[in-house]
Amino acid sequence: MTRPLPIIEPFRIKSVEPLRMTTHAERVELVRAAHGNLFLLAAEDVLIDLLTDSGTGAMSSEQWAAIMRADESYAGARSYYRFEASVHEIFGLEHVIPTHQGRAAEHLLFQTLTGPGDVVPNNTHFDTTRANVEATGATALDLPCAESHDMESDFPFKGDMDLPALERCLAEHAGHVPLVMVTITNNAGGGQPVSLACLRAVRALCDQAGVPLYIDACRFAENAYLIRRREPDQRGRPIKDIVHDMFALADGCTMSAKKEGMANIGGFLAVREPELARELRARLVVTEGFPTYGGMAGRDLEAVAQGLREVLDEAYQEYRHASIRYVVEHLDAAGIPVVLPAGGHAIFLDAGRFLPHLGWRQYPGQALAIELYLEGGIRSCEIGSLMRNARDERTGEELPAPQELVRLAIPRRTYTKSQMDYVIEIVRRVFERRDEVRGVEIESGPEVLRHFSAHFRRVDVRAPAPSA
Ligand SMILES: *Cc1c(COP(=O)(O)O)cnc(C)c1O
């Protein structure tokens, strides 16, 4: 019998950055000084930083080489044409508008297409996408499929959109839906993939209603890999062909190159419509830069042009997903509530079930994120009632999020398997003493994107003592 070989990192390390260990006593003091908000910690005080996979990955030697070859000309730089060629080749969208990151692409798109009274349906808006839609006076409507809320279901495409709900929305708001958006993978909804079948069905509904379809493309290759792995009629197809089929359905896309551009900064907006492209470029010049660099330096354009090709590498995607599955499977085997099946870029702990003694007003996700830092210097991010910050339209009263999650986002090509073993052990240790974990309340903070800067106070809500 031949045993299967382990899936290994398809690269070796050429440059290293030391990590700094802190003591538990130091971390207690550091959390206090940061007012319980992990965004306010100095990165140096973090051992394993799983706050985000955005702009935190390692670049390849080819990307660094491309950076040295970059052309920094203001207009018509060689680096822009390489960037444009990569986007054309992979996404097949004609007009390519470079921006400094994803939210700038969203800003341009929604400022141009939406306004008061409009409704934008999405499987789930990412926080910056929602903020950019709402900034124009439009309503951002999340329409995730029913399975997305069932944390224990192993439905393969929990990122799918609720199609009947989309159909109703398009009928009810006819004339006021300027675009439909689908986020792949569904980041705010647990990093879960969207099936090709769902994208096709969304396209058909858009065609019926005469509404364009845009893709939030941040994790397009991870989504395509999961389509191949999980969608029966897509098995064995090259990732790049699946990507091609996905984007053939779209009228345009927004992209944060900090994710699957494999770069530390950058993004773009790409559209088919020449008239719309003209309008977007007119705005681009005012807020970002000249159309052949937009928000990026020539070297950033080069890093992204190369990164977009590397992210489609089959061996890279195999390793990427194997490393996430590894953590999810070990946590699940230890009885720790984790979102199943494994998503594309992160491990999501179900803080609601992890800390059942805390109600949503004690922000169990934030409480758990603080505890992971105190236990082992791991930085993670709450994705729950704190980040979501939903309000009742009439009363203004705060509403709970559908799920209380903690996201352990895995930076690309950055941490090793033994570092993932360390993460698994720290989560287990917190789980073993979960009854002692106290909740938090907000001491002060802004209304918009409050999770970035709010201050927290620990509150003494503990598990009720077991009755004799
Ligand atoms: C990160 C992200 C964005 C915003 O991109 P930035 O580069 O951070 O501005 C938009 N949508 C999704 C799904 C994201 O993950």
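Remember, it's 1-based here, ligands and their atoms both numbered in the order they're listed.
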> If you count the atoms of ligand 1 from 1 in the order shown, which ones are under 4.0 Å from a heavy atom of Lys258?
Replying inline: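 Counting from 1, the qualifying ligand atoms are 7 (O).
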
>> Out of all atoms in ligand 1, which are within 4.0 Å of some heavy atom of Thr183? Include the element for each.
In response: 13 (C)

> Is it the case that Lys259 places NZ or CZ above or below the six-membered ring of Phe126, under 6.0 angstrom from the centre and within 45 degrees of the axis?
Replying inline: yes

Just need the protein heavy atom nearest to [atom], so name the residue and atom and give the distance.
atom                    : value
atom 10 (C) of ligand 1 : Glu106 OE2, 3.1 Å
atom 8 (O) of ligand 1  : Arg103 NH2, 3.0 Å
atom 5 (O) of ligand 1  : Ser256 CB, 3.3 Å
atom 11 (N) of ligand 1 : Asp216 OD2, 2.7 Å
atom 4 (C) of ligand 1  : Thr128 OG1, 3.4 Å
atom 2 (C) of ligand 1  : Lys259 NZ, 2.4 Å

> Do Glu302 and Arg299 pass the salt bridge (charged side-chain N to carboxylate O under 4.0 Å, His left out) test, and can you show the C-alpha distance, the side-chain angles, and the key distance before you say yes or no?
Replying inline: CA-CA 5 Å; Glu302 291 281 353; Arg299 52 183 171 270; over 6 Å; no

> For the ring pair Phe456 and His35, is the centre-to-centre distance below 6.0 Å?
Replying inline: no

> For the ring pair Phe220 and Phe91, is the centre-to-centre distance below 6.0 Å?
Replying inline: yes

>> Pairs of nitrogen or oxygen atoms closer than 3.5 Å, one from Thr185 and one from ligand 1: do any exist?
In response: no

> Quick check: does Cys218 get an N/O under 3.5 Å from an N/O on ligand 1?
Replying inline: no

> Does a sphere of radius 6.0 Å around NE2 in His173 hold more than 12 heavy atoms from other residues, nucleotides or ligands, not counting ones at 6.0 Å or beyond?
Replying inline: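 Correct, the count exceeds 12.
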
> Between His330 and Tyr326, how do the two ring planes meet: parallel, tilted or perpendicular, split at 30° and 60°?
Replying inline: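 Rings of His330 and Tyr326: tilted, as their planes differ by 30° to 60°.
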
>> Below 30° counts as parallel, above 60° as perpendicular, anything between as tilted: where do the rings of Phe39 and His451 land?
In response: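 Taking His451 first and then Phe39, their aromatic rings stand perpendicular (interplane angle over 60°).
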
>> Contact between ligand 1 and Gly267 is defined here as a heavy atom of the residue under 4.0 Å from a ligand atom; is it met?
In response: no

> Going by an N to O cut-off under 4.0 Å, is there a salt bridge joining Asp53 and Arg219?
Replying inline: yes

